[in-house]
Amino acid sequence: MSEAYSVHYLSNGIRLLFLATKKFKTISLGLFIHRDLKPETVALNALLPSVLEQGCRLYPDYLTLQRHLENLYGSELSTDIIKSGERQIIAFGLESAHDRFLGENGRLLKESLSLLGSVVSDPLLENGVFREDYIRQEKNQLVKDIKALLNDKAAYAMERCLSEMCADEKFGVYKLGRIEDYKDIDARMLYSYYRELLSESPIDLYIIGDLDEAEVIETAEKAFTISRSSNIAELAPASTNRFISDIRTIEEEMTVNQAKMVLGYRTYTDFDDSLHCPLLVYSGVLGGFPHSKLFMKVREEASLAYYIHTRLERHKGLMVIAAGINPVDHDNARKIIDEQLNDMVEGRISKTELDNTRRGLINSLLSRQDSPSQLISFHLDGMVGNKVYTFEELISGIESVSIEDIQEIAGRIKLDTAYLLKPREGEDVIYED
Amino acid sequence: MKTNYRLIENKALQESVYHYRINPGMDLYILPRAGYQKKYAIFSTRFGSIDNSFRVEPENEITALPDGVAHFLEHKLFEDEQGNVFDRFAALGASANAFTSFTQTTYLFSCTANFEQNLTELLNFVQDPYFTEETVSKEQGIIGQEIRMYEDHPHWRVFFNLLESLYREHPVRNDIAGTVESISGITPDLLYRCYNTFYHPSNMAVFLVGDLEPDRVAALVEENLSARNYKQMGAIVRYYPEEPEAIMKEKTSQELVVSEPIFYLGFKDNVINKLTGRDLMHRELLMELILDTLFGTSEMLYNDLYKADLIDEGFGFEYAAESTYGYTMIGGETKDPERLHEQIIKEIKKAQKNGISEEQFERHRRKILGSYIRKFDSLEFIANNFLAYKFRDTDLFELPGVLNEVKREEALALIGENLNPDRHAVSLILPLTDG
């Protein structure tokens, strides 16, 4: 049932994970460079993919690169910065339509892999370093991105809660860093950092599609000719055992209509913990689904929220409860939430709640196998957590979780930080024509 | 039971859809997709937020609705005498949801087990309305929260503020969920009146996709409907107000907590309500091609604006082609809305004079084709778009053929006709100085 990758190492040590499947109409490539998340290098890492995406030696500016992609039938190049536990991952994706729907006879694998190779490893240089104008421009865009977090109030509240909660841990670093982290970066500095990063970071290259394995390996070998160190950095797993003495309470005011409540909890459970599956079920019973306790009690019965759900950060062992509420309902909502957490501790979980959660979790796991990007992110999670679970393992693990297992998890979970973004007193949003 | 189908094929995509006509007049489409774990089902009605005034033949009485009824009804169908519908899907391991747009309401589930039971559940809950004073009044509270949440959403606000400026009369100018005030006028009677009209099977369609046996599933749908003894219903006559050619107002602005101003510019399409079916798709693809050629990432303007720090990666455009309205929107976040405004208008005037090159036209045509094929990895994309096009009397599978037909000369004419700089509106969100 499960989709199995075949794993190869290119001669320079890049790990190639190939999944041959006729299921999709696409060829999907994903390249991930793993870095330690820390304040000194967070901005350098965040800036790199944006600069590389502006142009490479063969396609020296953004316009030329985009035209080339259009001629490859609208192949889509994307870059991203992912925070996963205490790692910062630099991500590149390239998705193309498969040749067999275009009458193009196998050209697109070669073209798209060599384009990805060019963007990542054959950059445009001027006087031996990156172009200063590209750096200036992308620094400016990233500073704007950091400020724009404010525009999505739910995401802003989530980030504020987690950064306060982990303020003196690596996890507390925002994935794009702070505005002042960009100030001193110039082309020379970024280029020398880039050389070091390509040489010594763990790099995973995923390829999914209806393709021939030997051809994939040969093409990948040609597309990534960079030489790399034989000493690839070992990255430590995120620490999940921070002790808390008091609950922190943070309230912020803003001119908004709806209040956003985010409660941050520690689960003291590592990604490879034997109670990994009970943690998934715990979070699911509490707030992962429309049938979950929080949704039923806070939204359906008490009408106190439009949305309310839990979310796990499994690498760092954190769980958050997020809700959009009417500010006057805060204390009531909080009281009902605490009652639900207490029910979890006491094991007051009905057979229906448990069964429905198991089925819901299994459904979403199986569904991930129908999307190339989900297949990649599922496996990448395992790489980060130093334990690649198979779909079968998780499914049978979820099926065998008992109420006692969930209570054991419930006994570990501690509230760390309660964050509330609330409307200013006596103000309403102003409309004008 | 013998069920007859018509096969809709697309050779290039290597896909086939089985089309069944189910008594009393509902369309059922099934696309088998071997190898997928997931099965996805949607049940849609041609009832959206713009359907605010209607009658059913042969009656003469016209029903006028307050804003937000279609969306409200969608919420309410999830509750019936046995309780909460989500619970029943959850027990079957499925994930259920629904959404309401300007023109349709869609109920859906996806699952990896118990497909036939889930499908029965979907058919049953959508066909079993249950509205009481009590449940209606509770829902007013929940939807009130939803409306307030969207009021804090800058990109949602800039979009509706622009529609309000483009349209004077057409209900597309109103928020899909209505307002706290408009939904306060909703009663169980009103919901039943809408339900009995728009949820008659002849106004609905089902699309199923996944590793399925078409005839077996079709028989299940047919039995479910036949047991309900539907009577034929007269045609639904929908009334939309006369929309003048002129826009409502040139500029609208609102202050919200945002990091940078948001600027959208829009045009109202005045020809669209004279087109249907394939012609509508033809116009839609031409507009997509034009907008991508004028404002896309591979062209000069985008790159100049980006270098001048007037836009970021979120800059984009949209063209909507429905049978009673249509609009073009261009914009994004910018530090200097005035300059961005000037540059966009200048580009449109330039294109009206110089046209677009053969090379540009072919390159963008190729891009649209490749992107279309890529989207077929997603079962949700296929189902949702297939029915949306069917509701406009055309077929998603015809898209490559229509794309192949569009001509550069038509594009030039359309830039002049549909992007008239003298008739555009702008919508602005300005940063509120907080604190």
Side-chain angles (χ1 to χ4, degrees), chain A residues 21-26 61-63 66-67 69-76 95-98 101-102 137 140-141 144-145 147-148 150-151 153 254-258 289-291 299-300 303 305-307 324 326 352 355-356 359-360 362-364 366-367 369-372 429-433, chain B residues 12-14 35-38 84 86-87 90-96 110-113 138 141-142 145-146 148-149 151-152 154-155 252-260 296-300 303 306-307 309 312-313 333 363-364 366-371 373-374 376-379 432 434-435:
Chain A
T21 170
K22 292 190 190 306
K23 210 160 138 175
F24 304 118
K25 289 187 156 55
T26 47
D61 56 53
Y62 191 73
L63 182 142
Q66 292 297 313
R67 286 192 179 174
L69 285 162
E70 285 178 351
N71 282 322
L72 298 177
Y73 291 91
S75 295
E76 202 171 306
E95 191 190 78
S96 311
H98 195 287
F101 305 101
L102 298 163
Q137 172 188 308
N140 178 43
Q141 291 290 344
K144 285 202 287 187
D145 288 347
K147 291 181 181 163
L150 184 68
N151 300 349
K153 307 302 179 273
M254 202 185 268
T255 308
V256 290
N257 283 304
Q258 195 183 62
F289 299 94
H291 69 259
R299 177 179 141 136
E300 294 298 297
S303 289
Y306 176 66
Y307 72 85
N326 189 340
T352 310
D355 287 347
N356 291 358
R359 292 188 189 111
I362 291 168
N363 183 41
S364 63
L366 289 172
S367 299
Q369 299 183 21
D370 293 341
S371 146
V429 173
I430 303 153
Y431 288 84
E432 59 175 54
D433 282 333
Chain B
L13 281 168
Q14 299 162 28
Y36 268 62
Q37 299 279 346
K38 185 162 61 182
N84 187 321
F86 284 119
D87 284 349
L92 294 166
S95 160
S110 76
C111 70
T112 51
K138 203 189 81 183
I142 292 175
Q145 277 288 331
E146 184 177 349
R148 290 183 83 76
M149 186 171 77
E151 282 172 4
D152 289 338
H155 282 274
T252 170
S253 91
Q254 182 185 349
E255 289 187 6
L256 284 173
V257 180
V258 289
S259 58
E260 252 193 355
T297 55
S298 63
E299 302 298 338
M300 286 304 291
N303 286 275
Y306 188 86
K307 283 183 196 136
D309 193 23
D312 59 29
E313 281 186 346
E333 293 171 19
R363 179 159 45 77
H364 288 278
R366 195 179 249 238
K367 173 183 174 182
I368 293 173
L369 178 65
S371 311
I373 290 166
R374 284 196 283 126
F376 273 76
D377 275 358
S378 158
L379 305 187
L432 176 71
D434 206 32

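Numbers restart at 1 for each chain; the letters A, B, ... are given by sequence-line order, proteins then strands. Here the structure is a predicted model, which is why all the values come from computation and not from measurement.
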Reported [atom1]-to-[atom2] distance for the pair [X] and [Y], which is rounded to 0.5 angstrom:
X	Y	atom1	atom2	answer
Ile362(A)	Thr112(B)	CD1	OG1	8.0 Å
Asn71(A)	Arg363(B)	CG	CZ	6.5 Å
Arg366(B)	Leu72(A)	CZ	CG	8.0 Å
Lys38(B)	Ser367(A)	NZ	OG	5.0 Å
Arg67(A)	Lys367(B)	CZ	NZ	11.5 Å
Ile142(B)	Glu300(A)	CD1	CD	5.0 Å

Any donor-acceptor N or O pair under 3.5 Å, side chains Asn140(A), Asp309(B):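 Yes - a donor-acceptor pair under 3.5 Å links their side chains.
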
Chain B interface, residue from Glu70(A), Lys153(A), Gln66(A), Lys22(A) that has the most non-hydrogen pairs under 4.5 Å: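 Counting heavy-atom pairs under 4.5 Å, the top option is Glu70(A).
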
Top contributor to chain A contacts, counting heavy-atom pairs under 4.5 Å, from Ser298(B), Ser95(B), Gly93(B): Ser298(B)

Part of Glu95(A) within contact of chain B (heavy atom distance under 4.5 Å):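 Interface part for Glu95(A): both.
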
Residue Ser96(A) versus chain B: region with a heavy atom under 4.5 Å: backbone

Please flag which part of [X] lies under 4.5 Å from any non-hydrogen atom of chain A: side chain, backbone, both or neither.
X	value
Leu13(B)	both
Ala91(B)	both
Ala96(B)	neither
Asn303(B)	side chain

Looking only at heavy atoms, which two atoms of [X] and [Y] are closest? And how far apart?
X	Y	answer
Ser259(B)	Ala148(A)	OG-CA, 3.3 Å
Leu369(B)	Leu102(A)	CD2-CD2, 4.1 Å
Ala97(A)	Gly370(B)	CB-O, 3.8 Å
Val258(B)	Asn151(A)	CA-OD1, 3.2 Å
Gly74(A)	Ser371(B)	O-OG, 4.2 Å

Could you tell me whether a side-chain N or O of [X] sits under 3.5 Å from a main-chain N or O of [Y], the two making a donor and an acceptor?
X	Y	result
Gln258(A)	Gln145(B)	yes
Asp377(B)	Ser371(A)	no
Asp370(A)	Gln37(B)	yes
Arg374(B)	Thr26(A)	no
Arg359(A)	Leu92(B)	no

Partner set under ring-ring contact (aromatic ring centres under 6.0 Å, His included) for His291(A), not counting sequence neighbours: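 If we apply the ring-ring contact (aromatic ring centres under 6.0 Å, His included) test to His291(A), skipping adjacent residues, the hits are Phe289(A).
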
For Phe86(B), all residues meeting ring-ring contact (aromatic ring centres under 6.0 Å, His included), sequence neighbours excluded: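 If we apply the ring-ring contact (aromatic ring centres under 6.0 Å, His included) test to Phe86(B), skipping adjacent residues, the hits are Phe78(B).
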
Geometric class of the Tyr306(B)/Tyr62(A) ring pair [parallel <30°, tilted 30-60°, perpendicular >60°]: parallel

Pair Lys144(A) + Glu333(B): basic N to acidic O under 4.0 Å: no

